[in-house]
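Have a look at the structure below before the remarks.
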2 protein chains.
Amino acid sequence: MGLTKSEIFTPEQNELSSIAKVFGHPARVAILQHLFKIDSCICGDLVDEIGLAQPTISQHLKELKKIGLIKGNITGTSICYCIDKDNWSQMKTVLSVFLNQDINENNNCC
Amino acid sequence: MGLTKSEIFTPEQNELSSIAKVFGHPARVAILQHLFKIDSCICGDLVDEIGLAQPTISQHLKELKKIGLIKGNITGTSICYCIDKDNWSQMKTVLSVFLNQDINENNNCC
DNA sequence: AGTATTAATCGTAATATTGCAATATAATAA
DNA sequence: TTATTATATTGCAATATTACGATTAATACT
């Protein structure tokens with residue numbers, strides 16, 4: 001099948017896994033790290049920076065855009081990408097709730 | 001061709017994406033949430049709790065175990081799973097470094 | 001021994017993802 | 001207008017993931 005049964009999960013579970021899925025590829029992690037590091041917004045040199053073909057990078061950028069973590073700005077023939085700060089911090093909140101769950105200390109099996 | 005080029009990324013990028021990948025499916029999120037919530041370690045009732053077949057849950061548990069986020073304890077015919085606290089907090093540290101990166105404020109394109 | 005019970009594994013079908021060559025599109029430059 | 005440059009889209013091949021039926025393995029219960 002290969003088809004995730006999203007309908008049996010809560011909206012929270014689906015949202016969380018969608019976010020995590022985007023981080024689930026090293027190229028997208030690398031793109032985000034580069035956008036954080038660089039002092040001016042980056043355009044096509046992500047292709048040089050990371051060692052993947054232009055269509056591949058473009059595809060990864062599309063997924064990052066789709067989930068709202070980055071946004072692009074057209075300047076001439078190039079496009080300037082950067083982190084969407086508002087969405088980034090919103091995403092952090094969603095992830096934090098999940099990551100900082102308290103472990104029930106009554107657990108005694110292991 | 002369906003094969004991630006792990007060799008061109010840093011160990012950090014690969015580690016981070018591997019962790020995120022595991023969270024990238026709602027069933028695994030649901031399993032982890034259930035293990036957090038329940039007051040005694042859970043065994044096969046994850047199958048009832050989540051609406052997936054037993055082999056499917058077993059497969060997801062395997063991936064969670066592989067990355068070290070959960071561990072199992074055999075008691076009779078059943079297996080008791082729970083969060084691996086040490087690895088969980090270690091994973092949180094790795095993720096936090098990534099999530100809490102500072103955005104370079106010299107960014108001015110968007 | 002024979003029979004449940006529980007969970008892992010195997011095999012397989014359906015779908016998704018990754019990556020890239022080729023091509024298309026869009027904006028600028030000559 | 002004709003390049004040139006930068007990025008997106010299309011199409012496709014290779015591989016991965018998801019899901020589950022069937023089976024297996026291991027323990028517990030009669």
Side-chain angles (χ1 to χ4, degrees), chain A residues 1-9 13-14 17-18 20-31 34-35 40-67 70-82 109-110, chain B residues 1-9 13-14 17-18 20-31 34-35 40-67 70-82 109-110:
Chain A
M1 303 143 180
L3 199 160
T4 297
K5 289 187 161 182
S6 312
E7 67 279 7
I8 67 171
F9 300 104
Q13 289 161 348
N14 284 314
S17 58
S18 294
K21 207 172 188 179
V22 172
F23 293 137
H25 194 286
R28 293 190 288 266
V29 170
I31 289 171
H34 199 69
L35 290 180
S40 76
C41 275
I42 212 58
C43 328
D45 41 23
L46 281 165
V47 176
D48 303 325
E49 183 69 20
I50 303 166
L52 291 171
Q54 180 267 320
T56 308
I57 295 291
S58 193
Q59 203 172 278
H60 285 304
L61 286 170
K62 198 177 172 183
E63 291 186 66
L64 288 166
K65 246 186 299 179
K66 199 174 69 186
I67 204 123
I70 64 170
K71 51 186 174 180
N73 208 334
I74 301 170
T75 54
T77 58
S78 60
I79 293 178
C80 202
Y81 284 106
C82 61
C109 88
C110 43
Chain B
M1 327 189 167
L3 199 160
T4 297
K5 288 187 159 181
S6 312
E7 68 278 8
I8 66 170
F9 301 103
Q13 289 161 346
N14 284 315
S17 58
S18 293
K21 208 172 189 180
V22 172
F23 293 137
H25 194 287
R28 293 191 287 266
V29 170
I31 288 171
H34 199 70
L35 289 181
S40 76
C41 275
I42 211 58
C43 330
D45 43 21
L46 280 165
V47 176
D48 303 324
E49 183 69 21
I50 304 167
L52 291 171
Q54 180 267 319
T56 309
I57 296 292
S58 194
Q59 205 173 276
H60 285 304
L61 286 170
K62 196 176 171 184
E63 290 186 66
L64 288 166
K65 245 185 302 178
K66 200 174 67 184
I67 204 125
I70 64 170
K71 51 186 175 180
N73 208 333
I74 302 169
T75 54
T77 59
S78 60
I79 295 177
C80 204
Y81 284 106
C82 60
C109 87
C110 43

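The model shown is predicted, which means the values in this text are computed figures rather than measured ones. Labels below follow one simple rule: chain letters A, B, ... track the order of the sequence lines, proteins then strands, and each chain is numbered from 1.
For A:K21, the side-chain contact (heavy atoms from CB on, under 4.5 Å) criterion is met by no residue, not counting sequence neighbours. With sequence neighbours excluded, no residue forms a side-chain hydrogen bond (donor to acceptor under 3.5 Å, both in side chains) with A:K5. Looking at residues two or more places apart in sequence or on another chain, you find a side-chain contact (heavy atoms from CB on, under 4.5 Å) between A:S18 and A:I67. The side-chain hydrogen bond (donor to acceptor under 3.5 Å, both in side chains) check on A:T56 picks up nothing, with sequence neighbours excluded. In this structure, the side-chain contact (heavy atoms from CB on, under 4.5 Å) partners of B:S6, at least two apart in sequence or on a different chain, are B:T4, B:N14.
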I'd like a list of close polar pairs between nucleotides 3-5 of chain C and the protein, N/O only, cut-off under 3.5 Å.
none

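One distance of note links NE2 of B:H34 with CG of B:L46; it measures 5.5 Å at 0.5 Å rounding. Between B:I70 atom CD1 and B:C82 atom SG the span is 8.5 Å, to the nearest 0.5 Å.
As judged by a 4.0 angstrom heavy-atom cut-off over every strand, A:I74 is placed among residues making no nucleic acid contact.
For DNA chain D, the contact window with chain B, defined by any atom under 4.0 Å from a protein heavy atom, covers D:dA13 to D:dA28 in 5' to 3' order.
Pairs of residues two or more places apart, or lying in two chains, never qualify as side-chain hydrogen bond (donor to acceptor under 3.5 Å, both in side chains) while including a residue from residues 43-52 of chain B.
Positionally, the nearest nucleotide of DNA chain D for B:L3 lies more toward the 5' end than for the other of B:L3 and A:T4. Take the nearest nucleotide of DNA chain D for A:F9 and for A:I79: the residue whose nucleotide is more 5' is A:I79. Two residues, A:T75 and A:G51, neighbour DNA chain C, and the one matched to the more 5' nucleotide by heavy-atom proximity is A:G51.
Under the 4.5 Å side-chain criterion, counting only non-hydrogen atoms from C-beta, A:L52 is not in contact with A:V47. With contacts defined as side-chain heavy-atom distances shorter than 4.5 Å, the pair B:L35/B:I31 qualifies.
C:dA7 atom P lies 8 Å from atom CG of B:D45, rounded to whole Å. The distance between atom CG of B:D48 and atom P of C:dA7, rounded to the nearest whole Å, is 10 Å.
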Distance-only check: which donor-acceptor pairs under 3.5 Å involve side-chain atoms of residues 57-66 of chain A, not counting sequence neighbours?
from: A:H60; atom 1: ND1; to: A:R28; atom 2: NH1; distance (Å): 3.0
from: A:E63; atom 1: OE2; to: A:R28; atom 2: NH1; distance (Å): 3.3
from: A:K65; atom 1: NZ; to: A:Y81; atom 2: OH; distance (Å): 3.2

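Shown for residues 53-64 of chain B: residues whose heavy atoms fall under 4.0 angstrom of DNA chain C, namely B:Q54, B:P55, B:S58, B:K62.
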